Amino acid sequence: VDGLCPEHRVAPIAIAERNCFFRLSKYQVRLEQLIADDVIAIRPERCKNEVLAFIRGGLHDISVSRAADRVANWGIPVPDHPDQIIYVWIDALINYLSGLGYDDSENYCKYWNRDTLKIHVIGKNVWKFHAIYWPALLLAAGLPLPDRIFVHGFLTVNGRKIGKSLGNGIDPAAVIHDCGAEAVRYYLLETIPPFNDCDFSVENLVAVYNSHLANGIGNLCRRVRVLGEKCRYHHPAAAVPRDNFSSYADNVERFRFNVALDRIRDEVAVINQEIDRAKPWKLLKNEATVPLHQLLFGWYDRLGQIAEQLAPFLPDCAARIEDQLCHSAETPTTQLFPRLRL
């Protein structure tokens with residue numbers, strides 16, 4: 001764009017050199033078939049269409065090495081070609097196998113086989129490497145292919161991609177230190193659409209944490225648990241089969257994590273409304289233990305279901321909810337999400 005890289009705003013430099021090539025063109029028809037038929041399922045659909053359009057435009061053989069002197073001999077030498085170094089992106093892709101201990105380690109046999117569901121979670125700027133080059137390399141080697149590729153958008157600051165070279169990076173360790181890992185995880189998964197770019201803001205993170213977690217899930221758990229403590233209610237384990245997972249599972253399967261978490265938040269709001277209508281504090285005051293225990297039975301069980309659904313997103317929070325539900329009424333509850341202040 002205007003002679004510059006659109007992300008880094010610097011001009012490219014033209015270089016001519018001799019390299020080793022991979023015959024990518026040989027796999028054009030097979031790759032198109034695999035992706036079109038969702039054998040390698042790429043999501044979102046628009047990204048799948050972008051990959052297919054690129055393939056149908058004609059695949060050219062690609063350079064898989066760089067001149068050793070140009071990269072200061074940094075990297076893995078090409079066998080029998082000491083003047084060549086493996087291109088870093090080819091090296092990086094192979095880490096999916098070598099990192100597991102290719103080819104006879106327990107981890108490799110467990111995680112990279114034809115039966116295990118293998119999902120790549122990638123940024124939208126690297127789909128060419130993961131959806132075209134990598135499957136072609138695996139086909140050439142006769143190795144199992146990834147099953148799904150989930151392509152997410154960028155985190156941005158004031159509309160610009162976050163990047164070290166752009167100087168607008170945010171230190172995740174510092175944010176986790178100030179807000180907690182669960183708060184950061186929840187904010188990223190619940191408020192940022194999985195397929196689109198979205199601005200990251202610590203101020204918004206704190207606001208969402210206080211609204212959704214401190215005042216939402218945290219407050220509900222405390223309300224129900226305090227009622228249980230006061231009337232000495234003890235919830236039986238696995239009281240009711242928890243089968244309200246179909247829409248939740250569908251959203252997770254489609255990588256719509258924000259929608260799955262929205263449904264959990266809706267359930268939190270519904271239970272809070274039921275508590276307001278039932279006015280269990282009046283039952284408590286009148287020592288109406290049986291009807292109060294009946295109400296708590298349902299609320300405890302639905303909180304257990306909320307904990308199960310939260311577990312993939314907020315594992316610590318889910319475990320603490322389950323822990324509070326299982327403790328006896330004599331065990332005082334603790335606050336799940338203390339309010340944050342900037």
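Just so it is clear, the model here is predicted, and its values are computed rather than measured. Just so you know, residue 1 is the first one in the sequence shown, and it goes up from there.
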Is a donor on one side and an acceptor on the other found under 3.5 Å between the side chain of [X] and the backbone of [Y]?
{"X": "Asp2", "Y": "Leu4", "value": "no"}
{"X": "Thr116", "Y": "Lys118", "value": "no"}
{"X": "Asp199", "Y": "Gly159", "value": "yes"}
{"X": "Gln324", "Y": "Cys221", "value": "no"}
{"X": "His120", "Y": "Asp147", "value": "no"}
{"X": "Thr191", "Y": "Tyr187", "value": "yes"}
{"X": "Ser25", "Y": "Asp61", "value": "no"}
{"X": "Asn215", "Y": "Asn210", "value": "yes"}

Show, in sequence, the C-alpha distance, side-chain angles and deciding distance for Ser247 and Asp250, and conclude whether the side chain to side chain donor-acceptor pair (under 3.5 Å) test is met. CA-CA 5 Å; Ser247 64; Asp250 179 62; over 6 Å; no
Does atom [atom1] of [X] have more than 12 heavy-atom neighbours, drawn from other residues, nucleotides or ligands, at distances under 6.0 Å?
{"X": "Phe195", "atom1": "CZ", "value": "yes"}
{"X": "Glu106", "atom1": "CD", "value": "no"}
{"X": "Glu45", "atom1": "CD", "value": "yes"}
{"X": "Asn286", "atom1": "CG", "value": "yes"}
{"X": "Arg160", "atom1": "CZ", "value": "no"}

Show your reasoning for whether salt bridge (Lys or Arg N to Asp or Glu O under 4.0 Å) applies to Glu253 and Arg43. CA-CA 11 Å; Glu253 184 83 6; Arg43 297 296 181 269; over 6 Å; no
Arg185/Glu190 salt bridge by N-O under 4.0 Å criterion: no
Carboxylate-amine/guanidinium proximity below 4.0 Å for Asp276 and Arg223: yes
If you look at every heavy atom in [X] and [Y], which pair is closest and at what distance?
{"X": "Leu296", "Y": "Cys231", "answer": "CD1-SG, 3.4 Å"}
{"X": "Cys20", "Y": "Ser65", "answer": "N-OG, 2.8 Å"}
{"X": "Gly169", "Y": "Ile162", "answer": "CA-CG2, 3.7 Å"}
{"X": "Ile40", "Y": "Pro146", "answer": "CG1-O, 3.5 Å"}
{"X": "Tyr248", "Y": "Ala260", "answer": "CD1-CB, 4.1 Å"}
{"X": "Tyr209", "Y": "Pro338", "answer": "OH-O, 2.6 Å"}

The test is ring-ring contact (aromatic ring centres under 6.0 Å, His included); show your working for Phe54 and Trp127 and say whether it passes. CA-CA 11 Å; Phe54 184 87; Trp127 60 258; 5.8 Å; yes
Would a single hydrophobic cluster contain both [Y] and [X], if residues Ile, Leu, Val, Met, Phe, Trp and Tyr are joined by side-chain heavy-atom contacts under 4.5 Å?
{"X": "Val259", "Y": "Phe257", "value": "no"}
{"X": "Leu93", "Y": "Val121", "value": "no"}
{"X": "Leu213", "Y": "Val270", "value": "no"}
{"X": "Ile217", "Y": "Val252", "value": "yes"}
{"X": "Val51", "Y": "Ile119", "value": "no"}

Once you round to the nearest 0.5 Å, how far does CG of Leu283 lie from OG1 of Thr289? 9.5 Å
First locate atom CG of Leu292, then atom CD of Glu287, and finally report the distance between them rounded to the nearest 0.5 Å. 11.5 Å
Run the ring-ring contact (aromatic ring centres under 6.0 Å, His included) test on Phe297 and Tyr233 for me, step by step, so that the C-alpha distance in whole Å, both residues' side-chain angles and the decisive distance to 0.1 Å come before the verdict. CA-CA 9 Å; Phe297 180 91; Tyr233 173 76; 7.3 Å; no
Let me see the working for Gln305 and Gln309 under side chain to side chain contact (heavy atoms under 4.5 Å, CB included), right down to the final yes or no. CA-CA 6 Å; Gln305 181 172 294; Gln309 295 183 348; 4.0 Å; yes
With heavy-atom distances below 4.5 Å as the criterion, would you say the side chains of [X] and [Y] are in contact?
{"X": "His60", "Y": "Leu24", "value": "no"}
{"X": "Leu220", "Y": "Leu303", "value": "yes"}
{"X": "Trp281", "Y": "Ile275", "value": "yes"}
{"X": "Val78", "Y": "Ile85", "value": "no"}
{"X": "Leu188", "Y": "Leu205", "value": "no"}
{"X": "Pro135", "Y": "Leu31", "value": "yes"}
{"X": "Asn258", "Y": "Leu261", "value": "no"}
{"X": "Leu117", "Y": "Arg148", "value": "yes"}

Would you say the side-chain atoms of Asp197 and Thr156 include a donor-acceptor pair closer than 3.5 Å? no
Quick check with a 6.0 Å cut-off and a 45 degree axis cone: is Arg66 positioned over the face of Tyr87's six-membered ring? yes
Charged tip of Lys124 within 45° of Phe154 ring normal and under 6.0 Å: yes
Audit row: Gln33, Gln28, side chain to side chain contact (heavy atoms under 4.5 Å, CB included) steps and yes/no: CA-CA 9 Å; Gln33 180 184 15; Gln28 176 168 335; over 6 Å; no
Show your reasoning for whether salt bridge (Lys or Arg N to Asp or Glu O under 4.0 Å) applies to Arg265 and Asp262. CA-CA 5 Å; Arg265 197 154 58 91; Asp262 279 343; 3.5 Å; yes
Residues at least two apart in sequence or cross-chain that pass side-chain hydrogen bond (donor to acceptor under 3.5 Å, both in side chains) with His152, listed by chain then number, are none
Check for me whether the distance between the ring centres of Tyr186 and His212 falls short of 6.0 Å. yes
Could you list all the side chain to side chain donor-acceptor pair (under 3.5 Å) pairs where at least one residue sits in residues 93-103, not counting sequence neighbours? Tyr96-His130
Show me the pairs that pass side chain to side chain donor-acceptor pair (under 3.5 Å) and involve residues 9-20, at least two apart or across chains. Glu17-Asn19, Glu17-Arg70, Asn19-Ser63, Asn19-Gln84
Take Arg302 and Ile306 through the side chain to side chain contact (heavy atoms under 4.5 Å, CB included) test and state the conclusion after the steps. CA-CA 6 Å; Arg302 286 158 71 188; Ile306 286 171; 5.5 Å; no
Before you tell me yes or no, could you show the steps for Leu336 and Arg222 under side chain to side chain contact (heavy atoms under 4.5 Å, CB included), namely the whole-Å CA-CA distance, both residues' side-chain angles and the distance that decides it to 0.1 Å? CA-CA 8 Å; Leu336 282 174; Arg222 187 166 183 81; over 6 Å; no
I need the single residue from Asp178, Val202, Leu189, Val175 that forms a side chain to side chain contact (heavy atoms under 4.5 Å, CB included) with Val184. Which is it? Val175
